[in-house]
Amino acid sequence: MLSAEESLNFIRERIDALGHGSKHHERAAHDALTLLSKHWSEESGESMDNDLAVIEMIGQDLADLQRHIADLQHAYLKALFGDKPD
């Protein structure tokens, strides 16, 4: 299992790779995830020794972000193709 510091480094490497992408959605993901990773670093500062808490925070934030994107996509598709008022 990765430590808290290894977890942050693992994710930062993948975020950095997105920043080198040529597609707009890669750069947008890079920007959003960079904000989250800064938050994780700030929140985990003193609790870096508590690996499980940091790992849980990262996992929960990523799951929440994924859920928000799915909710937005669902609402958009519903509005786009949903029933139109008469």
Side-chain angles (χ1 to χ4, degrees):
M1 183 162 116
L2 297 175
S3 69
E5 187 172 347
E6 291 169 334
S7 293
L8 288 170
N9 289 336
F10 176 87
I11 291 172
R12 282 188 190 122
E13 288 173 6
R14 273 125 192 101
I15 291 171
D16 289 344
L18 285 170
H20 299 291
S22 61
K23 298 179 180 164
H24 67 280
H25 60 82
E26 291 170 325
R27 291 187 306 276
H30 170 267
D31 293 347
L33 291 168
T34 296
L35 288 174
L36 265 180
S37 71
K38 286 179 184 177
H39 168 73
W40 298 328
S41 293
E42 292 167 1
E43 289 293 316
S44 65
E46 291 182 15
S47 66
M48 190 63 86
D49 293 333
N50 187 353
D51 288 343
L52 188 56
V54 174
I55 291 166
E56 287 176 347
M57 177 180 55
I58 292 169
Q60 186 61 53
D61 282 352
L62 290 173
D64 290 343
L65 181 60
Q66 187 175 18
R67 181 178 46 81
H68 292 308
I69 291 169
D71 289 349
L72 175 60
Q73 182 181 29
H74 175 76
Y76 172 67
L77 291 174
K78 187 175 179 181
L80 187 62
F81 297 111
D83 295 331
K84 306 261 189 231
D86 292 328

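- Under a cut-off of 6.0 angstrom, the local environment of NE2 in H74 is sparse, with at most 12 non-hydrogen atoms contributed by other residues, nucleotides or ligands.
- Between the side chains of N9 and E13, no donor-acceptor pair is found at a separation under 3.5 Å.
- Taking CG of L36 as the start and CG of D31 as the end, the distance is 12.0 Å to the nearest 0.5 Å.
- Within the model, atoms CZ of R27 and NE2 of H30 stand 11.0 Å from one another, a figure rounded to the nearest 0.5 Å.
- Within the 4.5 Å cutoff, the side chain of L65 has heavy atoms near those of the L33 side chain.
- Among residues two or more places apart in sequence or in another chain, the side chain to side chain contact (heavy atoms under 4.5 Å, CB included) test is passed with L2 by E6, S7, F10.
- Under the 4.5 Å side-chain heavy-atom criterion for ILVMFWY residues, no single connected hydrophobic cluster contains both L62 and I55.
- Atoms CD and CG, from Q66 and D71 in turn, are 11.0 Å apart once rounded to the nearest 0.5 Å.
- Looking only at distances, a side-chain donor or acceptor of E26 sits under 3.5 Å from a matching main-chain atom of S22.
- L8 has its side chain within reach of I58: a pair of non-hydrogen atoms, C-beta onward, lies under 4.5 Å apart.
- Taking the side chain as every heavy atom from C-beta outward, L35 and H39 never approach each other to under 4.5 Å.
- Rounding to the nearest 0.5 Å places CZ of R12 at 9.0 Å from CG of D16.
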